[in-house]
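A short worksheet on the structure shown next.
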Amino acid sequence: MSLTLLRVASSPNLEVSNSNGLLDSFGVKKLVDSSKFLSRDFVSIRAKKNDKKKSRRFCSLSTDVKYACVGQSGLESSSNFPLVSNVLASTAVGEVAISSEQKVYDVVLKQASLVKRKLSSTGELEVKPEIVLPGNLSLLSEAYDRCGEICAEYAKTFYLGTLLMTPERRRAIWAIYVWCRRTDELVDGPNASHITATAMDRWESRLDELFQGRPFDMLDAALSDTVAKFPVDIQPFKDMIEGMRMDLKKSRYKTFDELYLYCYYVAGTVGLMSVPVMGISTLSQAPTESVYNAALALGIANQLTNILRDVGEDARRGRVYLPQDELALAGLSDDDIFAGKVTDKWRNFMKSQIKRARMFFDEAEKGVTELNEQSRWPVWASLLLYRQILDEIEANDYNNFTKRAYVSKTKKLLSLPLAYARSMVPPTRKLSHA
Ligand SMILES: CC(C)=CCC/C(C)=C/CC/C(C)=C/CC/C(C)=C/[C@@H]1[C@@H](COP(=O)(O)OP(=O)(O)O)[C@]1(C)CC/C=C(\C)CC/C=C(\C)CCC=C(C)C
């Protein structure tokens with residue numbers, strides 16, 4: 001989504017903090033009594049100017065799609081590109097290395113089967129009713145309201161889109177949104193320099209606890225309730241934390257396979273977390289895995305777009321989120337990126353990267369229609385808005401070193417009715433053979 005785009009205006013960053021400072025919230029205090037974790041001011045999220053960071057029929061994007069676009073002239077030039085087998089790549093010592101895509105696909109299958117199991121036992125995804133304990137209900141709804149407020153503040157259009165969803169779904173999406181944003185803030189927020197591996201481990205323990213019904217604070221309590229009600233697996237959440245760990249350690253990506261894994265960790269995971277809540281249309285006849293693949297593809301497409309938009313900004317932080325082997329193949333190196341000159345080599349390289357990102361968007365589009373009707377609009381809106389950033393990079397003549405590609409408010413507003421029209425299209429029914 002453009003989380004930014006959906007913010008419509010350029011958005012501030014969030015800092016996860018509590019009254020005792022950021023690190024306390026991950027560390028020393030382990031569990032707190034319920035009145036404390038639900039207290040509104042125990043954890044606050046405050047705004048700050050954003051420092052932007054950043055399927056074989058598998059993720060339905062086959063190796064061909066992932067790699068074929070990276071030659072000089074597009075699809076036909078895959079032969080001069082280092083093709084990493086999607087399925088299994090043999091290493092020099094004869095061991096079998098599993099590609100990132102395969103690793104990710106295993107998570108997709110697990111998440112899809114979780115939802116399928118639920119569906120086959122109940123017919124429809126049944127949302128468990130709230131456990132009503134005197135006093136707790138209002139605290140829980142306060143926790144969800146706070147998540148909604150945060151969402152409204154930082155992703156306004158997206159927030160408006162969630163209002164079309166049922167109250168249970170909308171609140172659950174807010175809770176997931178807030179957890180993702182707080183996780184991202186650990187490595188991308190103002191306190192990022194204080195974040196250690198131990199702090200990340202503590203954040204992960206907190207996640208384990210909240211999945212077991214023992215939330216640490218009020219925002220965790222909302223997510224704890226969400227994961228108890230919807231068939232959401234913990235793996236994508238853990239994987240997002242893994243992606244943030246990766247971001248702390250790594251500033252270069254040798255191949256697209258490595259970059260793909262990073263994109264899955266920090267963004268593809270969001271798709272996998274969201275689908276069980278958004279729901280799949282009762283009219284959909286698509287295999288559940290294919291909907292998850294599309295969700296994964298949207299996360300990857302968004303992250304690739306984010307990376308392409310922020311090349312200059314990331315370089316100024318010493319980071320290059322571009323496959324080193326593809327840069328070399330295009331006759332480019334880190335030095336060219338730090339120099340920030342738009343040359344023909346750079347333009348050609350960017351063309352191939354944009355083409356790949358668009359392929360992931362195309363793949364994602366196939367799945368949006370399969371979602372529950374009330375969930376489609378925010379997803380279409382986010383897809384159309386973020387996708388347009390790629391057009392803007394082109395319009396800037398590929399100068400992503402000193403110009404930030406952004407979609408104007410007018411274009412954003414014009415996209416919203418289009419997103420609405422697309423969200424009205426029902427899933428295509430399979431032709432029945434008499
Ligand atoms: C409707 C909708 C889009 C729902 C998702 C709501 C949700 C839970 C969002 C959480 C996003 C978040 C805070 C992620 C943390 C990591 C991160 C920052 C990822 C980057 C997002 C852009 O964020 P940022 O604010 O930094 O952007 P700007 O720099 O300001 O532009 C990412 C690039 C990726 C976010 C990934 C998604 C939103 C995945 C969306 C996929 C789905 C909702 C699945 C849809 C289903 C089908 C079948 C297609």
Side-chain angles (χ1 to χ4, degrees), residues 1-7 9-14 50-54 60 147 150-151 154-155 157-162 164-165 169-170 172-189 223 226 232 236-237 240-241 243-244 247 262-281 284 286 288 290-310 313-314 357 360-361 363-372 375-383 385-386 389 404-407 419 423 427:
M1 103 197 90
S2 156
L3 287 171
T4 318
L5 290 169
L6 290 176
R7 278 174 216 149
S10 77
S11 55
N13 210 352
L14 283 164
N50 202 353
D51 164 26
K52 302 288 173 203
K53 156 187 78 145
K54 326 296 141 251
S60 42
C147 293
I150 293 167
C151 209
Y154 299 101
T157 316
F158 164 62
Y159 170 79
L160 291 176
T162 60
L164 295 179
M165 298 176 175
R169 286 198 167 119
R170 150 195 336 153
I173 286 288
W174 295 341
I176 295 176
Y177 174 85
V178 167
W179 185 86
C180 291
R181 184 127 301 277
R182 295 173 96 190
T183 306
D184 183 52
E185 282 301 304
L186 295 180
V187 296
D188 215 17
L223 184 60
T226 289
V232 183
F237 291 83
M240 180 176 278
I241 297 176
M244 302 306 164
D247 222 15
Y262 171 71
C263 292
Y264 158 67
Y265 280 153
V266 300
T269 47
V270 179
L272 304 191
M273 296 167 191
S274 308
V275 173
V277 171
M278 290 181 171
I280 298 177
S281 165
S284 171
T288 315
S290 71
V291 184
Y292 278 88
N293 274 334
L296 170 65
L298 184 53
I300 305 272
N302 284 348
Q303 189 61 30
L304 289 175
T305 303
N306 198 285
I307 286 172
L308 297 178
R309 182 194 63 193
D310 296 346
E313 211 173 304
D314 289 334
F360 278 95
F361 277 118
E363 198 58 33
E365 289 196 6
K366 294 179 200 157
V368 190
T369 313
E370 307 299 328
L371 291 173
N372 173 281
S375 305
R376 281 183 222 138
W377 184 76
V379 177
W380 268 121
S382 85
L383 189 154
L385 294 175
Y386 227 79
I389 296 178
R404 191 169 211 264
Y406 79 97
V407 182
S423 69

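What you see is a predicted model; the values in this text were computed from it and never measured. Every number for a ligand or one of its atoms is a count from 1 in the order of the listing.
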Exercise. Under 4.0 Å from any heavy atom of Asp184, which atoms of ligand 1 are there?
Worked result: 15 (C), 18 (C)
Exercise. Side chain or backbone of Glu370 under 4.0 Å from ligand 1, or both, or neither, by non-hydrogen atoms?
Worked result: neither
Exercise. Quick check: does Tyr386 get an N/O under 3.5 Å from an N/O on ligand 1?
Worked result: yes
For this session: May I ask which of Tyr265, Trp174, Phe158 has a heavy atom nearer to atom 4 (C) of ligand 1 than the others do?
Result: Phe158
Exercise. Atom OG1 of Thr305 and atom CG of Leu385: how far apart are they, to the nearest 0.5 Å?
Worked result: 12.0 Å
Exercise. With a 4.5 Å heavy-atom cut-off, do Tyr386 and Phe361 have their side chains touching?
Worked result: yes
For this session: Report yes if the side chains of Ser290 and Lys366 come closer than 4.5 Å at any heavy-atom pair, otherwise no.
Result: no
Exercise. Which of parallel (below 30°), tilted (30 to 60°) and perpendicular (above 60°) describes Tyr159 and Trp174?
Worked result: parallel
For this session: Can you sort out which atoms of ligand 1 are near Gln303, meaning under 4.0 Å from one of its heavy atoms?
Result: 19 (C), 20 (C), 32 (C), 33 (C)
Exercise. Which of the atoms in ligand 1, numbered in the order shown and given with their element, are less than 4.0 Å from a heavy-atom of Val379?
Worked result: 1 (C), 45 (C)
Exercise. To the nearest 0.5 Å, how far apart are CD in Gln303 and OG1 in Thr269?
Worked result: 9.5 Å
Exercise. If you take all heavy atoms of Pro236 and Met273, which pair is closest and at what distance?
Worked result: O-CE, 3.6 Å
For this session: Enter the distance from Glu370:CD to Ser284:OG here, rounded to the nearest 0.5 Å.
Result: 3.5 Å
For this session: Say whether, by atom type as modelled, one donor and one acceptor occur between the side chain of Arg309 and the main chain of Ala405 under 3.5 angstrom.
Result: no
For this session: Between Leu371 and ligand 1, find which residue part has any heavy-atom pair under 4.0 Å and reply side chain, backbone, both or neither.
Result: side chain
Problem set entry | Close-contact set for ligand 1 against Asn306 heavy atoms, below 4.0 Å | 22 (C), 27 (O), 28 (P), 29 (O), 31 (O), 33 (C)
For this session: Would you check if Glu365 and Trp380 make a side-chain contact, meaning some heavy-atom pair closer than 4.5 Å?
Result: yes
Exercise. What distance separates Ile176 CD1 from Thr226 OG1, expressed to the nearest 0.5 Å?
Worked result: 6.0 Å
For this session: Can you figure out which of Asn302, Thr305, Leu296 has its heavy atom closest to atom 37 (C) of ligand 1?
Result: Asn302
For this session: Answer side chain, backbone, both or neither: which part of Arg309 comes under 4.0 Å from ligand 1, heavy atoms only.
Result: side chain
Exercise. Just which atoms of ligand 1 are under 4.0 Å from any heavy atom in Met278?
Worked result: 1 (C), 2 (C), 4 (C), 43 (C)
Exercise. Is ligand 1 under 4.0 Å from a heavy atom in the side chain of Val266, in the backbone, in both, or in neither?
Worked result: backbone
Problem set entry | Ligand-side contact atoms (ligand 1) for residue partner Gly367, heavy atom cut-off under 4.0 Å | 48 (C)
Problem set entry | Ligand-residue contact atoms, ligand 1 with Val291, heavy atoms, under 4.0 Å | 48 (C)
Exercise. Out of Cys180, Ser274, Ala381, whose heavy atom is nearest to atom 15 (C) of ligand 1?
Worked result: Cys180
